[in-house]
**Q** 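Starting off with a structure, shown below.
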Amino acid sequence: MGDIILQTEQLTKRFSKRILAVDGLDLQIPRGQVFGLLGPNGSGKTTTLGMILGVVSKTKGSYNWFGEGDDYKLRKRIGAILEQPNFYPFLSARQNLIVHSRIKDIRKPDTDGLLKMVGLYERSNDPFKTYSLGMKQRLAIASAMLADPEVLIFDEPTNGLDPQGIAEIRQLILNIRDMNKTIVLASHLLDEVQKVCSHFAVLRKGKKIYTGSVKEALESTNTISVSADDTVLLVQAISSCPGVVSVERDGDILKLQIDDAWSVAAINTYLVEHKVAVNYIQQKRSSLEEKFLEILKESDQSLSTLHNQSVS
Ligand code: ATP
């Protein structure tokens, strides 16, 4: 099995008889991924991060870091930003980083390098209390990176930030990825996962209901709208086209689900070869948001189907 950074098996947290926060979670995160845990509020993201960091006790199941187990000593190789760390308001960014490196027993922290990386170098001697929320968050990231960890864990990294602050943090996460780090990120924002993550899992009420690559999620519901001067001829040609998975008619427009191996250009060429005068063709990729909503709807339907089956 390749270089797996984190594996969880049936990881479960029950807070009480009523609250099953995480329910049998299986995850596998290879080195170099930016892995998003996506789910609405209360779906169990923070509890999952708490368990894999050893700060929330697990009820059942296991997690394994770097193929070496769950020993707390492995925490040194993991940098985490779960909530605002304690920074002294009257000390500067540089002084705060030095304090944190002493607490973490790091002998020679590269404070300059880290301050430059998070874009705080110019302001590094100003007191922490004068920083914007975005700057405070960037300092928290620098602090999490003091020990040069292999993995970074973020919980809702852009919460409360303005659009510029959000863009800065997202770019910073991508820069960290480019430093060959593995990143695990919890977010309820679809847009964030779409922009930052390479892979993701969707959590709903503590259960994983979908996992896969962001790219595939964006591509897997590939639809094309097409119309032609002669609709009858178009329908005929489409019905014999091997690249078309399903067809839905909306007036004169046909909406096609196409095979992943087929492009819009290939469909167009096929139609032209079959003497269809195409007057409109457009591809619409499903956004992750549509996918996410679809996933939640499907899950709701399957739950209600199950429920109906069990009551009938
Ligand atoms: P959010 O983004 O709102 O924090 P989340 O997806 O991170 O959501 P969790 O915070 O992990 O979700 O919460 C999952 C469930 O566990 C919720 O029902 C929450 O109320 C419950 N929960 C979390 N922490 C505790 C706790 N210490 N005691 C009891 N229940 C808890």
Side-chain angles (χ1 to χ4, degrees), residues 6-29 33-65 70 72 75 78-86 133-134 136-137 140-141 144 151-163 165-166 169-170 173 182-197 199-212 214 217 288-289 291-300 303 307:
L6 173 68
Q7 176 147 11
T8 71
E9 275 174 13
Q10 291 299 302
L11 193 60
T12 300
K13 178 66 186 181
R14 182 180 281 284
F15 281 109
S16 65
K17 216 170 175 186
R18 264 187 324 111
I19 305 173
L20 182 58
V22 179
D23 186 5
L25 185 61
D26 291 332
L27 292 176
Q28 201 177 55
I29 305 180
Q33 276 191 358
V34 182
F35 191 90
L37 271 182
L38 175 63
N41 288 341
S43 54
K45 304 180 297 291
T46 305
T47 305
T48 301
L49 298 186
M51 283 193 283
I52 61 176
L53 288 168
V55 294
V56 172
S57 63
K58 59 188 169 60
T59 307
K60 234 174 51 188
S62 64
Y63 60 93
N64 188 321
W65 281 109
D70 62 1
Y72 197 72
R75 272 289 269 118
I78 307 162
I81 304 129
L82 289 197
E83 50 200 37
Q84 273 290 335
N86 286 325
L133 201 59
K136 288 175 177 169
Q137 181 68 333
I141 294 175
V151 191
L152 268 296
I153 295 185
F154 297 92
D155 192 8
E156 304 281 0
T158 57
N159 246 6
L161 300 182
D162 61 16
I166 290 173
I169 294 290
R170 288 180 181 170
I173 294 173
T182 306
I183 293 168
V184 184
L185 177 157
S187 178
H188 68 286
L189 301 172
L190 307 149
D191 177 54
E192 184 149 286
V193 169
Q194 187 167 348
K195 287 192 171 128
V196 178
C197 299
H199 294 75
F200 73 119
V202 180
L203 290 190
R204 183 175 181 276
K205 295 183 180 165
K207 267 191 192 301
K208 182 179 76 178
I209 56 171
Y210 183 88
T211 189
V214 169
L288 193 52
E289 177 159 11
K291 187 83 189 165
F292 183 61
L293 295 174
E294 205 179 284
I295 290 162
L296 291 185
K297 211 168 87 192
E298 272 168 21
S299 157
D300 270 339
L303 282 177
H307 178 70

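Counting starts at 1 for both ligands and their atoms, in listed order.
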**Q** How far is atom 9 (P) of ligand 1 from its nearest protein heavy atom, and which residue and atom name does that atom have?
**A**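 Scanning the protein heavy atoms, the shortest distance from atom 9 (P) of ligand 1 goes to T47 OG1, 3.6 Å.
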
**Q** Would you say the side-chain atoms of S57 and K13 include a donor-acceptor pair closer than 3.5 Å?
**A**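 Looking only at side-chain atoms, K13 and S57 do form a donor-acceptor pair, the distance falling under 3.5 Å.
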
**Q** Please report which non-hydrogen protein atom sits nearest to atom 7 (O) of ligand 1, along with the residue it belongs to and the distance in Å to one decimal place.
**A**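 Protein heavy atom with the smallest distance to atom 7 (O) of ligand 1: T46 OG1, 2.6 Å.
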
**Q** Starting from atom 18 (O) of ligand 1, locate the nearest protein heavy atom and write down its residue, its atom name and how far away it is, to 0.1 Å.
**A**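 Going atom by atom, the protein heavy atom closest to atom 18 (O) of ligand 1 ends up being I19 CG2, 4.0 Å.
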
**Q** Is the number of heavy atoms from other residues, nucleotides or ligands within 6.0 Å of NZ (K136) greater than 12?
**A**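 Yes - once you tally the heavy atoms of other residues, nucleotides and ligands closer than 6.0 Å, there are more than 12.
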
**Q** Any N or O on G42 sitting closer than 3.5 Å to an N or O of ligand 1?
**A**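 N/O-N/O distance under 3.5 Å: yes.
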
**Q** To the nearest 0.5 Å, tell me how far R204 CZ sits from I209 CD1.
**A**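 These two atoms lie 6.0 Å from each other.
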
**Q** Within the 4.5 Å heavy-atom criterion, are T158 and L189 side-chain neighbours or not?
**A**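 Yes. Closest side-chain heavy atoms under 4.5 Å.
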
**Q** Side chains of I183 and F154: does their closest heavy-atom pair fall under 4.5 Å?
**A**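 The answer is yes; the side chains approach within 4.5 Å.
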
**Q** Based purely on interatomic distance, does K45 place a nitrogen or oxygen under 3.5 Å from a nitrogen or oxygen of ligand 1?
**A**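 N/O-N/O distance under 3.5 Å: yes.
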
**Q** Side chains of S187 and E192: is there a donor and an acceptor less than 3.5 Å apart?
**A**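 Judged by distance alone, the side chains do pair up.
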
**Q** Is the shortest distance from atom 20 (O) of ligand 1 to a protein heavy atom below 4.0 Å?
**A**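 Given the 4.0 Å limit, the answer for atom 20 (O) of ligand 1 is no, no protein heavy atom qualifies.
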
**Q** G39: heavy atom below 4.0 Å from ligand 1, yes or no?
**A**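 Judged by the 4.0 Å heavy-atom criterion, G39 does not count as contacting ligand 1.
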
**Q** Select the closest option to atom 16 (O) of ligand 1 among G44, A186, P40, A21, judged by heavy-atom distance.
**A**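 Looking at heavy atoms only, the winner is A21.
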
**Q** Of all the non-hydrogen atoms in the protein, which one sits nearest to atom 2 (O) of ligand 1, and at what distance?
**A**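 Going by distance alone, atom 2 (O) of ligand 1 is nearest to N41 OD1, 3.4 Å.
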
**Q** Does the side chain of L152 reach to within under 4.5 Å of the side chain of V184, using non-hydrogen atoms?
**A**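 L152 vs V184: side chains apart.
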
**Q** Do T12 and V22 touch side chain to side chain, with heavy atoms closer than 4.5 Å?
**A**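 No, every pair of side-chain atoms sits at 4.5 Å or beyond.
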
**Q** Considering heavy atoms of the protein only, find what lies nearest to atom 27 (N) of ligand 1 and give residue, atom and distance to 0.1 Å.
**A**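 Among all protein heavy atoms, the one nearest atom 27 (N) of ligand 1 is F15 CE2, 3.6 Å.
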
**Q** Enumerate the atoms of ligand 1 whose separation from the nearest heavy atom of S43 is less than 4.0 angstrom.
**A**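 Those atoms are 5 (P), 6 (O), 12 (O).
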
